[in-house]
Structures are given as C-alpha cells and as structure tokens.
A.B. asks: 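Sharing a structure, written as structure tokens. Questions coming.
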Amino acid sequence: MNAPHPTAQQRQQLYQDMSPHNLTPLWEVLHALVPTSPSSPCAPALWKYEHVRPYLKRAGEVITAEEAIRRVLILENPALRGQSAITQSLYAGLQLILPGEIAPSHRHTQSALRFIVEGSGAYTAVDGERTTMHPGDFIITPKWTWHDHGNEASEPVVWLDGLDIPMIRFFDAGFAENNTEKSQTVSRTEGSSFARYGHNMAPVRGDAPFGGTSPIFNYPYARSREALHQLERDTPLDPWDGFKLRYVNPATGGSPMPTLGTFMQRLPAGFEGKASRQTDGAVYSVVEGAGTAYIESPSGSVRFDFEARDHFVVPSWQTVRFQSPSGCVLFSFSDRPVHQALGIHQEERLS
Ligand code: 1HN
C-alpha cells in the first residue's frame with residue numbers, strides 16, 4: 001500500500017529538521033533556478049553627464065588621484081547597490097585625472113577598458129608603452145599588465161572604465177599587485193603596438209603578446225568614426241542597430257578581450273529602430289549627438305533621453321529600441337564574448 005501523501009506540515013517539518021545539516025529541497029526553488037527566460041535583477045538606468053559631472057569635480061577637490069589610487073565614481077546599478085556592479089557581470093565607473101596627476105602603476109587579473117568621455121592629452125601606460133587619450137578613443141588594459149595613468153596636459157580628463165570585476169569575483173579568481181614604481185618605465189615609443197597590429201598586418205614572428213587579449217592598446221575614435229560614416233554612405237541600414245561595428249582583436253578576429261565585447265554604432269538622423277533583446281546586458285556611452293532608448297523591463301517601460309557623454313545600461317533580455325531624430329554615435333560594451341564562448345548567447349530581433 002502507498003504511504004499517505006505528506007501534508008504541507010510534514011513537508012515544513014522535513015525542511016526544518018534538515019536545515020541544520022545544510023540541506024534544502026530543490027523542488028521549492030526549481031523554477032527560480034531554471035527560469036523559462038532570463039529574469040535579471042539588474043534595472044535599466046541612465047546617468048546624465050550634467051548630473052554626474054559636478055560630483056566628479058567635487059571628487060577632484062577632496063582626494064588626489066594618487067591618494068585614491070583610482071579616482072572613480074562607480075556607476076552602480078540601482079537594483080544592485082553596494083555590489084560595485086552595473087550588471088551582474090560588469091563594472092563601470094567614471095574616472096577623473098587632473099593636470100599633473102598620476103594614478104600609480106599596478107596590475108590585476110581583471111581586464112579593463114577605457115572609453116574617453118571628456119578632455120584630451122592624458123595618457124595611459126600599458127606594458128611599457130604610453131598612449132595619449134582623445135575623446136571617443138577605446139583603450140584597453142589586458143589582464144595582469146602593469147598600467148598607470150597620468151595627465152601632463154592642461155585640462156581634466158574623464159573616461160569610462162569598464163571591467164569584468166563582478167565576473168572575476170564570481171570565479172574567486174582575482175589577484176592584484178602594486179608596482180614598486182609609480183609610473184612604469186616606458187620601453188617603446190607611442191604607437192608601437194598600433195604600428196605592428198593596427199594596419200591589417202602583424203609581425204611575422206612572435207604573435208599574441210597578451211594571449212587572447214588584443215595587442216592594440218588604443219583604437220582611436222578618428223578611425224572608428226570614419227568607418228561608421230563611410231558605412232552610412234554606402235551600406236544598407238540595419239533596422240535594429242543602425243550602422244554597428246564590433247571592435248576586434250586583429251590577431252584572432254575575436255573580441256579585444258576574452259571577457260568584454262565592445263561596439264560602436266551610428267544611428268543616422270531620423271532613425272526609428274526596431275526592438276531587440278540579447279542575453280548580454282550592455283553599457284552604453286553616448287559619443288556624439290542625441291536620441292532616445294526605450295527599454296521594456298519587468299517593472300515597466302522606461303524612456304531614456306540621452307545626449308553626448310551620458311551613460312546608460314540595458315539589462316539582459318530586456319528589449320530595447322532606439323530613436324534619433326538628429327543622429328548619434330554610441331559606444332557600448334558587454335560580456336557577450338563569454339556568452340558566445342559558453343554557447344549561451346541569444347538574440348531576438350522583434351519586427
Ligand atoms: C583599476 O585598476 C582602474 O586602472 C580603474 O584605471 C577602475 C576598478 C576596480 C579595480 C581596479 C584603472 C578599477 C580598477
């Protein structure tokens with residue numbers, strides 16, 4: 001004869017009795033563990049530069065770059081406060097360096113990108129080579145390379161930092177080390193890595209100095225901008241993305257860094273984009289122009305009116321569509337290379 005069906009009370013008793021033994025019933029959490037579609041705890045959010053800038057300025061008054069090591073205001077997702085995260089896997093912040101300052105040399109297993117937002121003439125040094133920053137430049141710091149920043153120009157420089165910090169924290173794989181020298185010794189002239197890898201050519205011997213990470217430190221905006229504007233003149237418009245390119249590691253054709261994918265897109269004047277969603281949540285930095293992003297989140301629709309230097313985040317699997325009456329250029333980054341490596345990347349383009 002079958003045992004009588006356990007009552008709700010017996011079940012509760014079971015849970016309570018086994019809990020001290022660190023046992024928990026799967027059937028109570030199964031649906032949350034394997035949701036029918038992604039349900040990110042991350043919220044869409046917009047940081048208007050005009051609102052952020054006064055706080056950056058004040059940060060510049062209360063702490064030096066050297067004291068802070070890195071003088072950064074973290075863009076914290078409003079639904080993930082306290083986690084130093086803009087999505088579950090990504091970190092973003094706005095870093096300020098004033099004329100004459102140095103952000104001292106260190107290295108870590110986290111990979112970093114810099115996207116220059118305001119000001120020109122500061123430098124970042126990576127692996128013995130300096131590169132000068134200009135607005136719209138996309139600069140990378142491969143994992144475990146010494147890097148320091150300095151500003152020998154006459155104006156403050158602000159850039160967006162994007163790192164894979166939450167991802168590396170998830171894997172408990174973070175290491176870091178301070179350099180003995182504040183500014184690393186420069187051993188190559190500026191532009192050396194670009195000369196070797198930035199012209200659709202590569203050294204005949206000794207490739208891949210940084211493993212899976214791109215040997216190019218600076219992808220200058222002048223080049224990216226020209227590419228997008230030429231596309232606008234002579235290729236069909238993508239109804240979802242406008243004209244969008246991904247940055248590549250020239251040695252592999254893959255993403256510039258193993259964990260971070262980066263993109264730049266031009267939405268032409270009058271653009272009315274179709275909606276799409278992707279499993280990779282993405283962070284946007286507005287380079288030029290203005291427009292609107294409409295995002296469908298589980299807690300409702302949001303509308304972000306953006307202009308140059310604003311930042312916003314589109315969480316995983318939330319649909320987004322763009323409008324731009326006057327045209328704009330958007331930089332974005334996400335963890336897409338990891339999704340692709342794991343075979344879990346999905347995109348849905350709605351018509
Ligand atoms: C870092 O090394 C930089 O090098 C910026 O500029 C932001 C956030 C957390 C950990 C390391 C940089 C960072 C960071």
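Counting starts at 1 for both ligands and their atoms, in listed order.
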A.B. asks: Check residues 279-287 and write down every donor-acceptor pair under 3.5 Å in which the side-chain atom is one partner and the other belongs to a residue at least two apart or another chain.
C.D. replies:
unit_1	atom_1	unit_2	atom_2	d
Thr279	OG1	His339	ND1	3.0
Thr279	OG1	Gln346	N	3.1
Asp280	OD1	His345	NE2	3.0
Asp280	OD2	Ser334	OG	2.6
Asp280	OD2	Arg336	NE	2.8
Asp280	OD2	Arg336	NH2	3.3
Ser285	OG	His311	NE2	2.9

A.B. asks: Would His229 and Phe243 satisfy ring-ring contact (aromatic ring centres under 6.0 Å, His included), going step by step from the backbone distance to the final call?
C.D. replies: CA-CA 9 Å; His229 282 268; Phe243 302 98; 9.3 Å; no
A.B. asks: Walk me through whether Tyr221 and Glu288 qualify under side-chain contact (heavy atoms from CB on, under 4.5 Å).
C.D. replies: CA-CA 11 Å; Tyr221 184 49; Glu288 290 185 53; 2.5 Å; yes
A.B. asks: For Arg169, what residues pass the side chain to side chain donor-acceptor pair (under 3.5 Å) criterion, not counting sequence neighbours?
C.D. replies: none
A.B. asks: In order of chain and number, which residues sit within 4.0 Å of ligand 1 by heavy atom?
C.D. replies: Arg70, Tyr91, Gln95, His106, His108, Arg114, His147, His149, Asp161, Leu163, Ile165
A.B. asks: Under 3.5 Å, sequence neighbours excluded: what are the donor-acceptor pairs made by side chains of residues 91-103?
C.D. replies:
unit_1	atom_1	unit_2	atom_2	d
Gln95	NE2	Asp161	OD2	2.6
Glu101	OE1	Arg71	NH1	3.0
Glu101	OE1	Arg71	NH2	3.1
Glu101	OE1	Leu98	N	2.8
Glu101	OE2	Ala65	N	3.1
Glu101	OE2	Arg71	NH2	2.6

A.B. asks: With no hydrogens and no angle check, do the side chains of Glu296 and Gln318 hold a donor and an acceptor under 3.5 Å apart?
C.D. replies: no
